[in-house]
Every structure is written in structure tokens, then in C-alpha cells.
Amino acid sequence: MSNSIISQEQIDLTIEQFGNLQKENVSQQQSLREQQTQTAADTEDLFLELLEIRDALEALLDYLKNNGDSNPEFIQRLPKSVGAVNRKFLSLLKKRQVLPIELQTTQPDFNLCRVVDREVRNDIADQTITKIVRQGFSLKDKILRPTEVITSKLEVEEL
């Protein structure tokens, strides 16, 4: 049976490494707390902006409920008012890098699109996008929601 003796140098090195690990652990905990604080602040900002959009929608709804029947000028301005709320909402999304998917061709790119229906059309090529049913959105390089489209199909003549 051999007796191993740990040298003072090895003990000192182990104590130094342990101290470094403790310092790194404290640093990582502080960094995590800072990230959590920033995430909470970002989340609060997002909700405050969403509440502004909700307030604009509520004001429109209240006005419609109380004055919609008797004010034809308001009804004429309604699309513009709703458009302003929509622009505000899209601006909020863009600020957070959520962007509408822009289709580059009339042929569906199945990485960006989901075909939800087909319609008989003999005036255009098969599988041509004829209508966008629901706008798709991406977050940076990730597809959050594909664009939902209707595509053409050729009518098959029966013999």
C-alpha cells in the first residue's frame, strides 16, 4: 500500500482553482439577474405598448356604440381610424423584429406558405397563388406563422 502525499503546490493550486470557480459562479449569477431584470423590463414595455393599442380600439368601439348610427362622417373616417390602429400595431411588431413575410413569386414557397384551399382557374398556371388568406410573419430568421394562401388548380375535363 502506497501512501500518496499531496504536495503543498497541488493544495495551493486546488484552492486557487476553487476560488476562481466561486468567483465565476458569482459573476454568472449576477449576469443572470441582470438578464432577468432586462427581460422583465422588455416585457413590461411590450405590454404597455399593447395597452396603448387596446386603448385606441376601446375608444373607437365606445364612439361607435354611442355615436355610430347618427354620425355618417365618423363612419366615413372609420377605415382611416382602424388603419391608424393597425399601423401602430405593425410598428410595435417591427420594433421587436416581427415582420410580415413578403412573397417573392406567385408560386408558393412551402417554407413560407401554407396552402389552405385551391380554386379552379384555367386562366393561370396550376399552383399559382390567387389569394393571401392570412398574412405570415417572421421573427428574425424564424417563421412565426406561414402565409396562408389559396392556389389555382386546373379544371379537369371529363371524357
Side-chain angles (χ1 to χ4, degrees), residues 1-65 77-119 121 124-154:
M1 190 171 188
S2 71
N3 286 340
S4 301
I5 299 178
I6 299 174
S7 70
Q8 187 62 43
E9 186 178 307
Q10 289 173 318
I11 293 171
D12 292 344
L13 181 60
T14 302
I15 291 171
E16 181 183 339
Q17 288 173 339
F18 181 73
N20 288 341
L21 285 173
Q22 284 181 315
K23 287 177 192 173
E24 186 178 326
N25 185 29
V26 167
S27 175
Q28 287 181 348
Q29 286 177 350
Q30 181 179 353
S31 177
L32 179 60
R33 278 192 301 275
E34 289 169 2
Q35 287 175 354
Q36 289 170 334
T37 300
Q38 184 62 49
T39 298
D42 290 346
T43 300
E44 286 175 19
D45 287 347
L46 171 63
F47 287 131
L48 286 171
E49 289 181 73
L50 287 170
L51 288 173
E52 285 180 29
I53 293 168
R54 182 237 174 241
D55 294 343
L57 288 171
E58 184 178 42
L60 278 171
L61 290 170
D62 285 346
Y63 191 89
L64 273 174
K65 187 168 79 173
R77 288 192 318 263
L78 186 59
K80 187 175 181 181
S81 299
V82 172
V85 174
N86 189 47
R87 283 189 300 280
K88 184 175 184 73
F89 184 68
L90 289 173
S91 173
L92 176 134
L93 292 175
K94 183 177 182 181
K95 186 171 153 183
R96 285 170 172 65
Q97 299 178 349
V98 177
L99 301 172
I101 294 171
E102 301 292 334
L103 299 178
Q104 302 300 318
T105 70
T106 58
Q107 297 300 306
D109 175 344
F110 295 106
N111 295 313
L112 307 174
C113 294
R114 179 171 46 238
V115 176
V116 295
D117 201 1
R118 310 255 344 252
E119 68 177 332
R121 294 278 301 265
I124 54 178
D126 192 40
Q127 299 254 342
T128 299
I129 295 172
T130 59
K131 183 177 182 185
I132 293 176
V133 178
R134 195 164 83 152
Q135 179 69 56
F137 287 87
S138 63
L139 173 62
K140 299 179 184 170
D141 292 333
K142 181 181 180 195
I143 301 301
L144 288 177
R145 179 176 84 187
T147 301
E148 293 181 357
V149 298
I150 295 174
T151 60
S152 62
K153 69 177 178 179
L154 300 176

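Only heavy atoms go into these numbers, but all of them, side chains included; no hydrogens, no water, no symmetry mates.
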Worksheet entry | CA sep, side-chain torsions, deciding dist, call: V149, R114, side chain to side chain contact (heavy atoms under 4.5 Å, CB included) | CA-CA 6 Å; V149 298; R114 179 171 46 238; over 6 Å; no
Worksheet item: Hey, is the main chain of S27 close enough, under 3.5 Å, to the side chain of S31 for a donor-acceptor pair?
Response: no
Fill in: Side chain S91, main chain R87, donor-acceptor under 3.5 Å
no
Distance check, rounded to the nearest 0.5 Å: [X] atom [atom1] versus [Y] atom [atom2]?
{"X": "R121", "Y": "T130", "atom1": "CZ", "atom2": "OG1", "answer": "6.0 Å"}
{"X": "Q8", "Y": "L13", "atom1": "CD", "atom2": "CG", "answer": "11.5 Å"}
{"X": "Q135", "Y": "L103", "atom1": "CD", "atom2": "CG", "answer": "7.5 Å"}
{"X": "R33", "Y": "Q28", "atom1": "CZ", "atom2": "CD", "answer": "12.0 Å"}
{"X": "K88", "Y": "E49", "atom1": "NZ", "atom2": "CD", "answer": "7.5 Å"}
{"X": "D117", "Y": "K131", "atom1": "CG", "atom2": "NZ", "answer": "10.0 Å"}

Counting neighbours of [atom1] on [X] that are heavy atoms of other residues, nucleotides or ligands and sit closer than 6.0 Å, is the number greater than 12?
{"X": "I6", "atom1": "CD1", "answer": "no"}
{"X": "F89", "atom1": "CZ", "answer": "no"}
{"X": "E119", "atom1": "CD", "answer": "yes"}

Worksheet entry | side chain to side chain donor-acceptor pair (under 3.5 Å) between D42 and Q38, intermediate numbers included | CA-CA 6 Å; D42 290 346; Q38 184 62 49; 2.8 Å; yes
For residues [X] and [Y], report the shortest heavy-atom separation together with the two atoms involved.
{"X": "I129", "Y": "T105", "answer": "CD1-O, 4.2 Å"}
{"X": "D126", "Y": "L154", "answer": "OD1-N, 3.4 Å"}
{"X": "V133", "Y": "V116", "answer": "CG2-CG2, 3.9 Å"}
{"X": "R96", "Y": "D45", "answer": "NH2-C, 3.7 Å"}
{"X": "L92", "Y": "L50", "answer": "CD1-N, 3.9 Å"}
{"X": "P146", "Y": "C113", "answer": "CB-C, 4.1 Å"}

Worksheet entry | Minimum side-chain heavy-atom gap Q29-L32 below 4.5 Å | no
Worksheet item: Does some side-chain heavy atom of I53 sit less than 4.5 Å from a side-chain heavy atom of V85?
Response: yes
Discussion item. If we count only N and O atoms by modelled type, under 3.5 Å, do the side chains of Q127 and S152 hold a donor and an acceptor together?
Written reply: no
Worksheet item: Do E24 and N20 have side-chain atoms, one donor and one acceptor, less than 3.5 Å apart?
Response: no
Discussion item. With side chain to side chain contact (heavy atoms under 4.5 Å, CB included) as the criterion, how do T147 and L112 come out once you've worked through the C-alpha distance, each side chain's angles and the decisive distance to 0.1 Å?
Written reply: CA-CA 6 Å; T147 301; L112 307 174; 5.6 Å; no
Item to complete: Given side chain to side chain contact (heavy atoms under 4.5 Å, CB included), test I143 with N111 step by step and report yes or no.
Response: CA-CA 8 Å; I143 301 301; N111 295 313; 6.0 Å; no
